[in-house]
Amino acid sequence: MHGRNTTTPNTKIRLFFVDAAFLAMTTFAMTAYGQLNQPGQTGLTTPLEPLRPGVTAIEIFDELLAHNALRAGTLVNYTAFRTYQVVDLKGKVHAEEIGQMEYRAPDQKKFVVTSEKGSALVRRLALNALIASEIETTAGKQHHDSAISPTNYTLDLLGEQQVGPYHCFVAQAIPRRSDKYLFEGKVWIDAEDYAVVRIEGHPAKKLSFWIQRADFVRQYQRIDNFWLPQRDMTFVDVRLYGKKVLTIDHHDYIVNRSVTLEGSLSTENTASF
């Protein structure tokens, strides 16, 4: 006697839409994350100040790229705990995964799950896929040039603004091409360290038929002279599925470096936060 498929047509359709929705969400989250708070809570309340005389977009690009190269060259490894959540606009958690991410220069990342709850389907399609994609990108298995650089963007300087403890240049980032791995939006760059402090925007190219709207906010923090992710929020409006929010909180960093950022040799330094 032949076995038969007991999945009803309605169930098949529902699972198809769930698959499509969360795969689309993961694509956008990875786009936002590659630019290495609920609605109404993401905006800054500090006033925008006039730009100081003599500052140009070319100068900011040059300083940003030079400082990024110096920081990347001195970072040996770090570990951090991450909390991934998919929630609806009422705050209901559909899925959660907590674990430790370990990075070793120049191209190795490993994630170890310490706890998980909620929908196994959502964790598999959205959270696990996002983590796997990040690890593959770091290892060079995927290559997407999404750097904030003159090759990918022009900057329209808007002024200066305080973002928490950081005083920043504020610019409108305009992508040079229609590319889902680039964004259109604003970027805040620390006026002293020339590091990205905050990004908010949306993809430069429509992601898929399923994504009706997508926006993200990413906040960075300074840890031992390095600038590392603090919080990511990705808001998506998925066709036939509704509005969902993917959050990633980064905390409890332990950072190791082999030389100081001034370039002088030192013993391995460890800073934990």
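Index from 1, following the sequence.
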Notebook entry, point to check: Tyr103 and Asn77: which non-hydrogen atoms are nearest, and at how many Å?
Noted result: O-CB, 2.9 Å
Item checked: Candidate pair Tyr166 and Tyr220, rule ring pair (Phe, Tyr, Trp, His ring centres under 6.0 Å), full reasoning -> CA-CA 10 Å; Tyr166 313 120; Tyr220 291 82; over 10 Å; no
Note to self: In the structure I gave you, are the side-chain heavy atoms of Leu246 and Lys244 within less than 4.5 Å of one another anywhere?
What the structure shows: no
Checklist line | Spatial distance of atom OG1 (Thr247) from atom CZ (Phe235) [nearest 0.5 Å] | finding: 9.5 Å
Item checked: Shared hydrophobic cluster for Ile174 and Phe169 (ILVMFWY, side-chain gaps under 4.5 Å) -> no
Item checked: Summary of side-chain hydrogen bond (donor to acceptor under 3.5 Å, both in side chains) pairs that have at least one residue in residues 112-123, sequence neighbours excluded -> Glu116-Arg123
Check: Under 4.5 Å between any side-chain heavy atoms of Thr79 and Val255, yes or no?
Finding: no
Notebook entry, point to check: Taking a hydrophobic cluster as the set of Ile, Leu, Val, Met, Phe, Trp and Tyr residues connected by side-chain heavy atoms closer than 4.5 Å, whether directly or through intermediates, do Val55 and Phe61 fall within one such cluster?
Noted result: yes
Next item on the list: Indicate yes or no for a side-chain donor-acceptor contact from Asn152 to the backbone of Ala147 under 3.5 Å, with no hydrogens or angles considered.
Entry: yes
Note to self: One pair to check against side-chain contact (heavy atoms from CB on, under 4.5 Å): Arg104 and Val76. What are the steps and the verdict?
What the structure shows: CA-CA 6 Å; Arg104 290 188 177 276; Val76 174; 5.7 Å; no
Next item on the list: Determine the minimum heavy-atom distance between Ser146 and Leu182, stating which atoms define it.
Entry: CA-CD2, 3.8 Å
Margin query: Can a donor-acceptor pair be found, under 3.5 Å and without considering hydrogens, that links the side chain of Gln162 to the backbone of Gly164?
Written below: yes
Notebook entry, point to check: Side-chain contact, heavy-atom cut-off 4.5 Å: Trp227 with Val196?
Noted result: no
Note to self: Over 60° means perpendicular and under 30° means parallel, so tell me whether Tyr153 and Phe183 are parallel, tilted or perpendicular.
What the structure shows: tilted
Check: Considering all heavy atoms of both residues, which atom of Ala95 and which atom of Val122 are nearest to each other, and what is their separation?
Finding: CB-CG1, 3.6 Å
Note to self: One pair to check against side-chain contact (heavy atoms from CB on, under 4.5 Å): Glu134 and Thr137. What are the steps and the verdict?
What the structure shows: CA-CA 5 Å; Glu134 179 186 348; Thr137 299; 5.7 Å; no
Margin query: Do Leu51 and Val187 land in one hydrophobic cluster if side-chain heavy atoms of ILVMFWY residues count as linked below 4.5 Å?
Written below: yes
Margin query: As a quick check of understanding, evaluate salt bridge (Lys or Arg N to Asp or Glu O under 4.0 Å) for Glu102 and Lys109, giving each step before the final call.
Written below: CA-CA 5 Å; Glu102 178 180 356; Lys109 280 187 176 180; over 6 Å; no
Check: How many angstroms lie between CD1 in Ile189 and CD1 in Ile60, if you round to the nearest 0.5 Å?
Finding: 5.5 Å
Margin query: For Asp88, is there an ion pair with Lys90 - N to carboxylate O distance below 4.0 angstrom?
Written below: no
Checklist line | Inter- and intrachain pairs under ring-ring contact (aromatic ring centres under 6.0 Å, His included), touching residues 105-134, at least two apart | finding: Tyr84-Phe111
Check: Taking the side chain from Asp193 and the backbone from Ala195, do they hold a donor-acceptor pair closer than 3.5 Å?
Finding: no
Margin query: Rounded at 0.5 Å granularity, tell me how far CD1 in Ile131 sits from CD in Glu136.
Written below: 12.5 Å
Notebook entry, point to check: Under 3.5 Å, side chain of Ser133 to main-chain N/O of Ala129, donor-acceptor pair present?
Noted result: no
Next item on the list: State, with a plain yes or no, whether a side-chain heavy atom of Glu160 is found less than 4.5 Å away from one of Trp188.
Entry: no
Next item on the list: Drop me the distance from His250's NE2 to Asp252's CG, to the nearest 0.5 angstrom.
Entry: 12.5 Å
Checklist line | Nearest atoms (heavy-atom pairs only) where Lys110 meets Ile135 | finding: CA-CD1, 4.5 Å
Notebook entry, point to check: Going through the checks in order, is the side-chain contact (heavy atoms from CB on, under 4.5 Å) test met by Asp179 and Asp145?
Noted result: CA-CA 10 Å; Asp179 186 328; Asp145 182 11; over 6 Å; no
Next item on the list: Would you give the length of the straight line joining atom CD of Gln161 to atom CG of Leu44, rounded to the nearest 0.5 angstrom?
Entry: 5.0 Å
Check: Do Thr56 and Glu59 come close enough that some side-chain heavy atom pair is under 4.5 Å?
Finding: yes
Next item on the list: Find out whether Asp249 and Arg82 are in side-chain contact, i.e. whether some heavy atom of one side chain is under 4.5 Å from a heavy atom of the other.
Entry: no
Check: Is a side-chain donor-acceptor pair under 3.5 Å present for Gln230 with Gln219?
Finding: no
Next item on the list: Calculate, to the nearest 0.5 Å, the distance between atoms OG1 and CG belonging to Thr151 and Leu65 respectively.
Entry: 8.5 Å
Next item on the list: Could you tell me whether the side chain of Pro175 reaches within less than 4.5 Å of the side chain of Tyr181, counting heavy atoms only?
Entry: no
Check: Considering all heavy atoms of both residues, which atom of Ile148 and which atom of Leu64 are nearest to each other, and what is their separation?
Finding: O-CD2, 3.8 Å
Notebook entry, point to check: Under the 3.5 angstrom rule, does the side chain of Arg176 hit a backbone N or O of Pro150 as a donor-acceptor pair?
Noted result: yes
Notebook entry, point to check: Where do Val245 and Val86 land on the side-chain contact (heavy atoms from CB on, under 4.5 Å) test, with the steps shown first?
Noted result: CA-CA 6 Å; Val245 185; Val86 175; over 6 Å; no
Check: Is there a side-chain contact between Lys243 and Val236, using heavy atoms and a 4.5 Å cut-off?
Finding: no
Item checked: Pair Arg218 + Asp232, salt bridge at N-O below 4.0 Å -> yes
Margin query: Please find the pair of heavy atoms, one from Asn225 and one from Arg71, that lie closest to each other, and give the distance.
Written below: O-CD, 3.5 Å
